[in-house]
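A short write-up of the structure that comes next.
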2 protein chains.
Amino acid sequence: MSPNGSPVSPTASEQPAKGGRYHHGDLRAALVDTTIDLIAERGVHGFSLAEASRRLGVTAAAPYRHFADRDELLAAVAVRALAVFTAMLEAEPADTQAPEQRLAAMTRAYVHFAAEQRPLFETLFGTAIDKSRYPELVRAYEPVDKLFMSSVGEICENDPRGAEALAAVLEASAHGHAALLLEGEYGQGPDAVRVAVDQAAGATLALIEGRKALATSADSPARP
Amino acid sequence: MSPNGSPVSPTASEQPAKGGRYHHGDLRAALVDTTIDLIAERGVHGFSLAEASRRLGVTAAAPYRHFADRDELLAAVAVRALAVFTAMLEAEPADTQAPEQRLAAMTRAYVHFAAEQRPLFETLFGTAIDKSRYPELVRAYEPVDKLFMSSVGEICENDPRGAEALAAVLEASAHGHAALLLEGEYGQGPDAVRVAVDQAAGATLALIEGRKALATSADSPARP
DNA sequence: GTCTATATCCCGATAGAC
DNA sequence: GTCTATCGGGATATAGAC
């Protein structure tokens with residue numbers, strides 16, 4: 001088990017062979033795991049293929065059998081990140097709640113994900129991966145998008161424009177809370193996470209409510 | 001004039017001297033300017049002291065007369081960033097508006113700043129500068145904080161707790177819009193900036209309004 | 001599928017001359 | 001206040017052996 005909690009191929013050894021050749025059971029997966037660990041320690045930009053190789057006891061040339069270059073490895077990490085986040089979202093009870101409550105829960109999950117899976121979150125945002133180069137990465141975004149937009153759509157029925165706008169501000173708010181949490185603006189430790197998560201969820205509800213209120217008052221400006 | 005629009009010392013030449021010694025009028029300021037250009041081109045993490053020196057026609061050793069290390073130069077850029085942002089905020093008409101409108105205007109300024117001064121914005125957030133090491137950086141935050149908190153305080157009179165919470169969500173929302181704009185989620189070009197700025201300002205108003213509404217309904221839960 | 005070896009390039013930082 | 005010279009790292013990526 002790697003420190004990031006992901007399983008490495010069972011046949012992978014963790015030390016270089018003393019004398020002979022060294023073979024990984026699944027160097028590709030091991031590289032993804034080790035990369036996540038490295039990002040956790042030094043940030044996305046501190047990561048290097050060379051050091052990941054060193055940690056796994058292979059030479060710096062080995063990874064190039066599995067990834068064309070550094071970016072392709074990061075894209076693989078991003079795909080994993082979206083899989084983890086999707087799993088978090090799908091673990092929520094889905095149908096029993098009002099769409100506002102589901103969106104608040106998704107916001108909680110978003111900020112929680114940023115806090116608990118920092119390296120994965122950083123990989124999704126801290127880097128400028130050229131998504132169009134990695135179709136599987138585009139596909140990995142789809143389930144998240146679907147879940148999110150379905151709840152937004154329920155709130156903005158028959159108003160696709162409004163839905164898009166609401167989606168944008170909700171995403172921005174959630175993202176902002178996550179980003180500032182990671183910047184340390186909420187302090188450190190589990191208390192900071194709790195506060196950020198609560199405030200983010202509250203902001204989601206307030207945004208939905210506030211937009212409703214402002215739209216109404218715009219319809220009948222004589223009634224503030 | 002440097003591409004980032006900041007004046008370089010008038011005595012600074014832009015090419016290395018052909019034969020003799022090379023003296024800058026103000027290498028320190030020139031380094032800050034060039035650093036901003038470099039960050040604009042390659043991002044905060046792509047920047048290097050070595051390349052900044054190269055561009056200015058000095059050797060890699062020269063900067064160390066002016067900055068103890070790389071981080072100190074980045075801190076100087078951050079100070080400049082806050083000065084620019086403060087100037088943007090102070091350029092707004094201050095007293096004529098309701099606090100909600102002033103906060104919406106500050107949000108506009110924030111997102112606008114991120115878009116128009118991307119390298120400065122990136123320096124403030126993309127790096128983990130240890131602020132406590134640079135007292136002048138701490139001081140540079142003060143005027144912004146003061147402007148922001150005074151408007152927030154007007155809305156949350158006699159409720160310092162509420163003021164802090166409102167400040168946090170407003171900051172997060174503004175930051176989120178700025179961050180997603182820079183990530184390209186709004187597309188490219190001036191249209192993207194306009195949309196992001198408008199949505200961010202709208203979100204600010206909606207957050208204030210929505211929190212008010214939710215607080216009220218919490219006081220009298222029998223009246224949804 | 002991995003290794004050896006190598007090419008090529010980059011960086012931050014310091015000592016001491018001028 | 002800048003330069004020369006240098007130390008001691010680090011990186012990506014390729015060619016060819018096994």
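Lettering of chains follows the sequences in order, A, B, ..., and the numbering in each one begins at 1. No hydrogens, no waters, no symmetry mates; every other heavy atom, side chains included, goes into these values.
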- Measure the distance from CG on B/Leu73 to C1' on C/dA13 and round it to the nearest whole Å. 15 Å
- Evaluate the side-chain proximity of B/Leu38 to B/Arg55: yes if any heavy-atom separation is below 4.5 Å, no if none is. yes
- Message: If I take atom CZ in residue A/Arg65 and atom P in nucleotide D/dA15, what distance separates them, rounded to the nearest angstrom?
- Response: 11 Å
- Criterion side chain to side chain contact (heavy atoms under 4.5 Å, CB included) against B/Pro119, the qualifying member of B/Ile39, B/Asp37, B/Thr35, B/Val77: B/Ile39
- Message: Using a 6.0 Å distance limit plus a 45 degree cone around the ring axis, check whether B/Lys146 lies over the aromatic ring of B/Tyr141.
- Response: no
- Message: Strictly by side-chain hydrogen bond (donor to acceptor under 3.5 Å, both in side chains), give each pair with a member in residues 102-116 of chain B just once, sequence neighbours left out.
- Response: B/Arg102-B/Ser151, B/Arg102-B/Glu154, B/Thr107-B/Thr204, B/Arg108-B/Asp198, B/Tyr110-B/His175
- Note on the structure: Among C/dG1, C/dT4, D/dC3, the one nearest any side-chain atom of A/His66 is C/dG1
- Item | Whole-Å gap separating P (C/dC11) and NE2 (B/His45) | 16 Å
- Atom pair CZ/CG of A/Arg80 and A/Leu120 - distance to nearest 0.5 Å: 7.5 Å
- Query: Listed by chain and number, what are the side chain to side chain donor-acceptor pair (under 3.5 Å) partners of A/Thr123, not counting sequence neighbours?
  - Reply: none
- Task: Start with the C-alpha distance between B/Asp71 and B/Tyr134, add both sets of side-chain angles, then the distance that settles side chain to side chain contact (heavy atoms under 4.5 Å, CB included), and finish with yes or no.
- Result: CA-CA 10 Å; B/Asp71 285 359; B/Tyr134 309 99; 3.5 Å; yes
- Message: What residues from residues 127-135 of chain B pass a heavy-atom cutoff of under 4.0 Å to DNA chain C?
- Response: none
- Task: Report yes or no: does A/Asp69 contribute a side-chain atom to a donor-acceptor pair with the main-chain N or O of A/Glu72 at less than 3.5 Å?
- Result: yes
- Is the closest side-chain heavy-atom distance between A/Ile155 and A/Leu103 below 4.5 Å? yes
- Task: Using the criterion of both pairing distances under 3.5 Å for Watson-Crick and G-U wobble pairs, give all stems of 3 or more consecutive pairs involving DNA chain C.
- Result: C:1-18 with D:1-18
- Figure out the CD/C1' separation between B/Glu72 and C/dA13, and round it to whole Å. 14 Å
- Qualifying ring-ring contact (aromatic ring centres under 6.0 Å, His included) pairs with a residue from residues 29-71 of chain B, counting only residues at least two apart or across chains: A/His45-B/His45
- Does the side chain of A/Gln117 come within less than 4.5 Å of A/Phe85's, by heavy atoms? no
- Rounding to a whole Å, what distance do you find between A/Leu56:CG and C/dT2:P? 10 Å
Any N/O pairs under 3.5 Å between the protein and nucleotides 9-13 of chain D? List them or say none.
unit_1: D/dA11; atom_1: OP1; unit_2: A/Ser48; atom_2: OG; d: 2.6
unit_1: D/dA11; atom_1: OP2; unit_2: A/Arg54; atom_2: NH2; d: 2.4
unit_1: D/dT12; atom_1: OP1; unit_2: A/Leu49; atom_2: N; d: 2.9
unit_1: D/dT12; atom_1: OP2; unit_2: A/Ala50; atom_2: N; d: 3.0
unit_1: D/dA13; atom_1: OP2; unit_2: A/Tyr64; atom_2: OH; d: 3.2

